[in-house]
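Below is one structure, written out as structure tokens, with a few remarks after it.
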Amino acid sequence: MQNLVIYNTLHRQKERFQPIAPPHVGMYVCGPTVYGDPHLGHARPSITFDILFRYLQHIGYKVRYVRNITDVGHLEHDADEGDDKIEKKARLEQLEPMEIAQFYTNRYHDAMRALNVLPPSIEPHATGHIIEQEELVKEIMANGYAYESNGSIYFDVTKYDKDHRYGVLSGRNLTDMINNSRELSGVGEKRNQTDFALWKRAMPEHIMRWPSPWSDGFPGWHCECTAMGRKYLGKHFDIHGGGMDLIFPHHECEIAQAVASQGDEMVKYWMHNNMITINGQKMGKSLNNFITLEQFFTGSHETLQQAYSPMTIRFFILSAHYRGTVDFSNEALQAAQKGYERLMNAIEDLKRIQTAKASDESTKKFVAALRRKCYDAMNDDLTTPAVISNLFEACHIVNLLIDHKAQISEEDLKKLGETMHLFAFDILGLVDERSANNDAREAAYGKVVDMVLDLRAKAKANKDWAVSDQIRDALAEAGFQVKDTKDGVTWKLDK
Ligand code: ZN
């Protein structure tokens with residue numbers, strides 16, 4: 001098995017990956033809140049943890065990958081104030097909230113498929129786990145870390161911080177949080193500003209509500225991941241991931257909920273991908289740089305000079321390390337498109353290379369080292385840019401071989417091809433979009449030829465030999481071989 005090292009946000013250091021119960025690995029990643037079209041911000045965590053999911057399986061682990069769908073409880077301003085985004089949209093558009101959640105869940109799945117992100121093993125919905133979330137709240141209350149106020153339940157951060165420490169993941173401390181809090185008054189139902197909601201009593205206009213011992217209401221956002229992670233992965237599991245923007249408050253609150261309910265932390269390795277900027281700015285609706293994935297795929301947003309295919313987006317995201325920032329610009333995406341095409345062309349060119357009796361010295365050395373170098377890059381906290389640069393070096397060797405400026409043995413060519421395929425397709429999860437396009441084109445040709453042959457059959461039935469022969473000759477000229485057999489007409493394209 002490979003010696004994988006990953007960066008654990010909890011300890012702010014790289015650590016050797018040692019699962020709790022090998023070969024099984026439990027992995028939980030915070031999924032989308034399904035109230036809007038999937039955008040670039042969804043692409044990065046899903047691709048980052050897709051790489052981890054693929055790689056863990058490749059190196060021999062049995063991975064249970066849970067990625068949730070947030071369809072209730074994630075509120076607009078913070079976890080305690082404001083409207084539920086799905087509810088708000090439902091009211092505005094006079095839809096059932098579940099219609100909205102389902103619509104955007106489908107849109108999210110479509111985008112993930114286009115990006116060749118593998119589906120998780122389990123995709124639980126928050127609304128399907130209200131009972132588990134209520135049980136979690138009850139446990140936290142029983143241990144004295146939550147209180148009821150006006151039918152809502154709040155987590156007592158101050159009490160928790162005395163017994164444990166609040167802020168272990170984000171490195172914040174409670175005194176600073178209280179001092180930095182802008183709101184001097186108006187804690188409302190809460191004892192302290194830093195307390196967060198575990199259960200909220202529903203206002204009369206709320207559509208999404210469930211009965212509970214405290215009130216008809218809905219769970220606080222942070223509850224779902226703790227409750228569903230524990231349900232599907234157990235009280236202790238290996239990896240919890242998500243975007244860096246979730247470290248505080250979401251993941252910090254998850255840790256507090258786990259410790260307050262079961263007495264210790266659930267997660268061994270916390271992993272976070274960095275954020276995406278567009279032309280150097282944070283993505284936001286007010287900045288007019290909020291670009292959905294579909295707008296990228298079709299080029300329909302005004303800041304885009306062209307359409308960028310799903311594989312260009314995937315390749316671009318993988319060209320940076322997941323803990324580094326990524327800035328989207330037309331120039332950077334066009335460079336990624338060229339890089340992606342260069343790699344796909346080289347892999348296609350492997351078929352045209354003529355082998356020699358033996359490899360020349362430098363080719364032999366390169367092929368012998370390539371696989372190890374790619375593994376070393378992946379094992380060092382998933383350094384995909386280094387994998388890509390090794391693959392680019394391989395592209396250079398392929399070009400030399402095509403131009404007869406280097407020599408390769410049959411055995412080395414096989415090795416080179418296998419390594420390039422393994423890392424480009426299986427591990428980085430790229431697909432050759434051009435071959436998908438070619439397949440579509442051939443399918444379209446097929447339909448046209450079938451239609452033309454149908455016309456020819458009709459001409460023959462009418463004994464219109466001139467038209468029948470004309471069609472056969474025209475097809476032959478276009479490169480289609482038509483044969484009349486006992487069982488009917490067959491055709492193939494001469495290449
Ligand atoms: Zn979460």
request  = Taking all heavy atoms of Cys225 and all of His250, pick out the closest pair and write down the distance.
outcome  = SG-NE2, 3.5 Å
Side-chain donor or acceptor of Arg191 paired with backbone N/O of Asp156 under 3.5 Å = no
request  = Ignoring hydrogens and angles, tell me if any N or O in the side chain of Arg314 forms a donor-acceptor pair with the backbone of Ile47 under 3.5 Å.
outcome  = no
Name the atoms and distances for all side-chain donor-acceptor pairs under 3.5 Å in residues 36-46, with sequence neighbours left out.
residue	atom	partner	partner atom	Å
Asp37	OD1	Arg107	NE	2.8
Asp37	OD1	Arg107	NH2	3.4
Asp37	OD2	Arg107	NH2	2.9
His39	ND1	Gly41	N	2.9
His42	ND1	His39	N	3.0
Arg44	NH1	Asn274	O	3.1
Arg44	NH1	Met275	O	3.1
Arg44	NH1	Gly324	O	2.8
Arg44	NH2	His321	O	2.9
Arg44	NH2	Tyr322	O	3.4
Arg44	NH2	Gly324	O	2.7
Ser46	OG	His42	O	2.8
Ser46	OG	Ala43	O	3.0

ask   = Is there a donor-acceptor contact under 3.5 Å from the side chain of Ser261 to the main chain of Glu139?
value = no
task = Sequence neighbours left out, what passes salt bridge (Lys or Arg N to Asp or Glu O under 4.0 Å) with Asp110? Give chain and number order.
result = Arg113
Closest non-hydrogen atom pair between Pro310 and Ala114, with its separation = CB-O, 3.2 Å
note = Nearest heavy-atom contact between Arg201 and Asn150 is NE-O, 2.9 Å
inquiry  = Measuring from atom CG of Leu10 to atom NZ of Lys268, what distance do you get when rounded to the nearest 0.5 angstrom?
reply    = 12.0 Å
request  = Please identify each residue that fulfils side-chain contact (heavy atoms from CB on, under 4.5 Å) with Thr194, with sequence neighbours left out.
outcome  = Val157, Leu174, Met177, Ile178, Asn192
task = Would you confirm whether Asn68, through its side chain, and Gly31, through its main-chain N or O, come within 3.5 Å as a donor-acceptor pair?
result = yes
query = With a 4.0 Å cut-off, would you call Glu135 and Lys138 a salt bridge?
reply = yes
task = May I ask you to decide if Tyr65's main-chain N or O and Ser121's side chain share a donor-acceptor pair within less than 3.5 Å?
result = yes
request  = Answer yes or no: is there a donor N or O on one side and an acceptor on the other, between the side chain of Glu224 and the main chain of Pro219, under 3.5 Å?
outcome  = no
Sequence-distant partners of Arg209, side-chain contact (heavy atoms from CB on, under 4.5 Å), two or more places apart = Ala202, His206, Asp216
key: Sidechain-backbone polar pair: Asp71 side chain, His125 backbone, donor-acceptor under 3.5 Å   = no
query = Between the side chains of His301 and Thr303, is a donor N or O closer than 3.5 angstrom to an acceptor N or O?
reply = yes
query = With sequence neighbours excluded, what pairs up with Gln2 under the side-chain contact (heavy atoms from CB on, under 4.5 Å) test?
reply = Tyr55, Ile59, Arg372, Tyr375, Asn379
ask   = Should Phe328 and Phe296 be marked as a ring-ring contact (aromatic ring centres under 6.0 Å, His included) after you check the CA-CA gap, both sets of side-chain angles, and the distance that decides it?
value = CA-CA 11 Å; Phe328 272 64; Phe296 273 103; 5.7 Å; yes
inquiry  = Can a donor-acceptor pair be found, under 3.5 Å and without considering hydrogens, that links the side chain of Glu252 to the backbone of Leu169?
reply    = yes
message = Determine whether a donor-acceptor pair (N or O, by modelled atom type, separation under 3.5 Å) exists between the side chain of Gln262 and the backbone of Ala258.
response = no
key: Sidechain-backbone polar pair: Thr9 side chain, Trp270 backbone, donor-acceptor under 3.5 Å   = yes
task = List for me each residue that meets side-chain hydrogen bond (donor to acceptor under 3.5 Å, both in side chains) alongside His24, sequence neighbours excluded, and say none if there are none.
result = none
task = Using a cut-off of 6.0 Å, state whether more than 12 heavy atoms not belonging to Leu95 lie near its atom CG.
result = yes
note = Residues Asp238 and Ile20: closest non-hydrogen pair is OD1-N, 2.7 Å
